[in-house]
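Have a look at the structure below, then the notes.
These figures come from a predicted structure and were not determined experimentally.
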Amino acid sequence: MRQTIDLLKAHNEIKIITEPLDIHLEIPHLAYLEVKKKDSKALLFTNPIHKEKNIHFKTPVLMNLFGSFKRVELLIGDTQKIAEDIAYLLRLKPPKDFKTALKLLPKLLNLRFLAPKILKEKGLCQALIQRGNVIDLQSLPILKTWEEDGGAFITMGQCYTQSLDGNVKNLGMYRLQVYDKNHLGLHWQLHKDSMNLLQTYKEAKQKMPVSIAIGGDPLYTWCATAPLPYGLFELMLYGFIRKKKPQMVKCLSNDLYVPYDCDYVIEGFVEPDTLRDEGKFGDHTGFYTPIEPYPVLKVEAITSKVNPIYLATVVGKPPLEDKYLGYPTERIFLPLLQTTTPDLIDYYMPENGVFHNLILAKIKARFQGQAQQSMHAFWGVGQMSFVKHALFVGEDAPSLKEEAIIPYILNRFKVENCLITEGICDVLDHACSEYAYGGKLGIDCTGEEVQKSLEILSDKSLQELLNPLFKNIKHLKQFYTSTKNPITLISIDKKTSLQTAFKKNIPKILNQHLSIGIFLDYQKNDLDNLYMILWRVVNNIDAKRDIKIIHSMIFIDATDKNSKDGYTKEWPKETDCSQKVLKSLQKKGLLEDIKDLEAFYKKFHIDKSYA
């Protein structure tokens, strides 16, 4: 990790913060703001403290490590080249002759790096050891990110597990709550590989070994986020990318192996029948997730380097570090997706769509219904099965990342090509009426432009037309009025369920003036801030419950839900920064490079000032 810091210094990609800052809110808040800047840097906090307990940590905290495309390329490599190498191997065919075989040999030789090298000696990560009564998780500068978080939690932990027989090795990244000196809550969600493995230990009535590594080569951390199919060890990607075997050492208290050069390793066991309430926590969706029971790791040992660095990230409203962490995943895994969706050309997961909530895909549509076929292929593959909203365009579409893609979609949109279905959703999805199960929307925009013409009214006139149908409309604004299907954003002070209004006799004549209507809570939404509008819409809807198609118009209810909407859970709060902490950081001169703080806060809904 110190070599990484030297690399970042050499490329002017890191800022050193010497000001003593609290691991509770201050450090994560500053990192949260930093990653949203256009020229964001990695941050090294050399004087982390715990004000409440009067602790001064010797271990520095490194944040925003992956928080730019430049740093991702520095730390991981040329993602496009890696994707091409993977695609080459996936398309590999038996050589026809000896000459062809010789050409393949260099590529095939690289496969020898996939298997880890096991070291017999102790690793650098085992220079310092805590065992027995001296174990203390609170000796690490573990952060508390949000005011209402259930406690401090590890955010960049590489979680190593294996099957009961040791044949399946697994590496993942999960939220890890600190309960006390030697217990961690493991946020192993329902659909994750770790929960699948835990079930086998439960059936065998055996405790499960778990080791958490922090730091080391940054590529270890990215590998922990990689959505490989079950049974493939994620560190194989390390060997494939680095062209060298990952070197691993055996843990002291269990039979797991971890990279020899990590900064910290937390070892222990999970009793499969023991669950403990975990949370609530602000998460990468930008909302707090509820308190729920999860497995608990009893820590048997903590080891570290002599001078470790504590690596952490911050989760909340976009854009955040996961935007950049997700980019290599998106590029590198395109060839794998193309094996199940052969006519897939490209795909894109916008960060303000919180990845699983929205995906755009470009396909070569060779026959009618191919987009629908591709939708089902996506929803049936690994973590793609969590995708809530998928929009498919044809091969003639502009780049999926260009703004021109929006008019392209709107000029081809028609309600007849909307597929509303249901399936599994991410456990973090709060909009689902049922736990981890809800509505999904797929839209086929692969054809020619639709033959449609609307009479565009002024915003004021259209609002007057809607007022008798939907009470308490506060504002209305139309976008992309030059397209076949303009988007109408409707800000409303919702007093009762919009379902009641949808059941009224909506006049057919309205479809001469309106095509896509999206309802939003007026207290929370600036209709000009389309970036955050998209974030809130795809977070807040369950397609089966909240999308209504009436007279060739589509209405989307993206307001907060309650019991009047048939929503029986508690609607979660958003991750808003503490205004007290923001003022403290400003007073310390740490926000001087943000020219207009008020505009910056409103743009990204930093605190409650956006309301």
Side-chain angles (χ1 to χ4, degrees), residues 1 5 14-37 40-65 67 136-157 175-181 184-185 214-215 263-264 279-284 288 302 304 307-317 320-321 573-594 597 600-601 604 606-609:
M1 192 58 69
I5 291 171
I14 192 168
K15 289 197 294 191
I16 312 299
I17 310 294
T18 58
E19 176 79 26
L21 291 178
D22 200 342
I23 58 173
H24 283 203
L25 305 187
E26 281 191 333
I27 287 177
H29 274 30
L30 188 59
Y32 185 70
L33 300 181
E34 179 68 28
V35 73
K36 298 179 188 302
K37 301 175 189 174
S40 83
K41 307 288 186 184
L43 300 179
L44 183 67
F45 298 90
T46 57
N47 286 296
I49 62 174
H50 191 315
K51 288 181 183 177
E52 185 180 340
K53 295 186 177 181
N54 194 29
I55 299 173
H56 290 252
F57 297 94
K58 293 181 180 179
T59 301
V61 174
L62 179 60
M63 298 195 72
N64 202 23
L65 177 61
D136 188 2
L137 287 166
Q138 295 164 349
S139 66
L140 281 64
I142 301 172
L143 310 177
K144 179 180 177 180
T145 304
W146 301 108
E147 284 185 281
E148 296 190 28
D149 278 354
F153 70 100
I154 296 170
T155 52
M156 282 287 205
R175 188 169 71 205
L176 305 162
Q177 179 176 355
V178 178
Y179 290 126
D180 50 41
K181 290 184 176 183
L184 279 177
I214 301 170
D263 286 66
Y264 282 101
K280 63 182 179 181
F281 284 111
D283 216 301
H284 78 276
Y288 283 92
I302 300 175
S304 74
N307 294 302
I309 303 288
Y310 181 77
L311 179 63
T313 190
V314 60
V315 293
K317 299 174 188 175
L320 287 175
E321 194 172 356
K573 292 182 180 179
E574 297 176 13
T575 53
D576 295 319
C577 286
S578 160
Q579 293 176 338
K580 179 181 177 181
V581 172
L582 292 176
K583 289 176 182 177
S584 173
L585 294 173
Q586 184 179 4
K587 187 177 180 180
K588 291 175 180 178
L590 296 171
L591 306 181
E592 291 179 349
D593 58 342
I594 302 176
L597 273 176
F600 186 85
Y601 290 171
F604 297 113
I606 298 295
D607 64 354
K608 293 187 182 299
S609 64

Grab the two heavy atoms, one from [X] and one from [Y], that are nearest each other, plus how far apart they are.
X: Lys317; Y: Lys36; result: O-NZ, 2.7 Å
X: Val35; Y: Leu320; result: CG1-CD2, 3.4 Å
X: Ile214; Y: Gly157; result: CG1-CA, 4.4 Å
X: Pro308; Y: Pro60; result: O-CD, 3.6 Å
X: Tyr288; Y: Thr575; result: CE1-CA, 4.3 Å
X: Leu582; Y: Cys577; result: CD1-CB, 3.9 Å

Between [X] (side chain only) and [Y] (backbone N and O only), is there a donor and an acceptor less than 3.5 Å apart?
X: Thr155; Y: Thr313; value: yes
X: His29; Y: Ser578; value: yes
X: Asn64; Y: Lys41; value: yes

Calculate, to the nearest 0.5 Å, the distance between atoms [atom1] and [atom2] belonging to [X] and [Y] respectively.
X: Thr46; Y: Leu43; atom1: OG1; atom2: CG; answer: 11.5 Å
X: Ser584; Y: Leu591; atom1: OG; atom2: CG; answer: 9.5 Å
X: Ile23; Y: Leu21; atom1: CD1; atom2: CG; answer: 11.5 Å
X: Glu19; Y: Ile27; atom1: CD; atom2: CD1; answer: 11.0 Å
X: His50; Y: Lys144; atom1: NE2; atom2: NZ; answer: 9.0 Å
X: Asp22; Y: Leu585; atom1: CG; atom2: CG; answer: 10.5 Å

Would you mind reporting whether [Y] and [X] have side-chain heavy atoms less than 4.5 Å apart?
X: Glu321; Y: Val314; value: no
X: Leu143; Y: Met63; value: yes
X: Val315; Y: Phe281; value: no
X: Ile14; Y: Leu62; value: yes
X: Lys51; Y: His24; value: no
X: Leu137; Y: Tyr179; value: no
X: Gln138; Y: Ile55; value: no
X: Asp263; Y: Tyr310; value: no

Please assess Leu311 against Tyr264 for the test side chain to side chain contact (heavy atoms under 4.5 Å, CB included), listing each intermediate value before the final yes or no. CA-CA 10 Å; Leu311 179 63; Tyr264 282 101; over 6 Å; no
Going by an N to O cut-off under 4.0 Å, is there a salt bridge joining Lys15 and Asp593? yes
Atom NZ of residue position Lys181 - does it have more than 12 heavy atoms of other residues, nucleotides or ligands inside 6.0 Å? no
If you count the non-hydrogen atoms of other residues, nucleotides and ligands that lie under 6.0 Å from NZ in Lys573, is the total more than 12? no
Worked verdict on Asn47 versus His56 for side chain to side chain contact (heavy atoms under 4.5 Å, CB included): CA-CA 7 Å; Asn47 286 296; His56 290 252; over 6 Å; no
Classify the angle between the aromatic ring planes of Tyr32 and Trp146 as parallel (below 30°), tilted (30 to 60°) or perpendicular (above 60°). perpendicular
With salt bridge (charged side-chain N to carboxylate O under 4.0 Å, His left out) as the criterion, how do Arg175 and Asp149 come out once you've worked through the C-alpha distance, each side chain's angles and the decisive distance to 0.1 Å? CA-CA 12 Å; Arg175 188 169 71 205; Asp149 278 354; over 6 Å; no
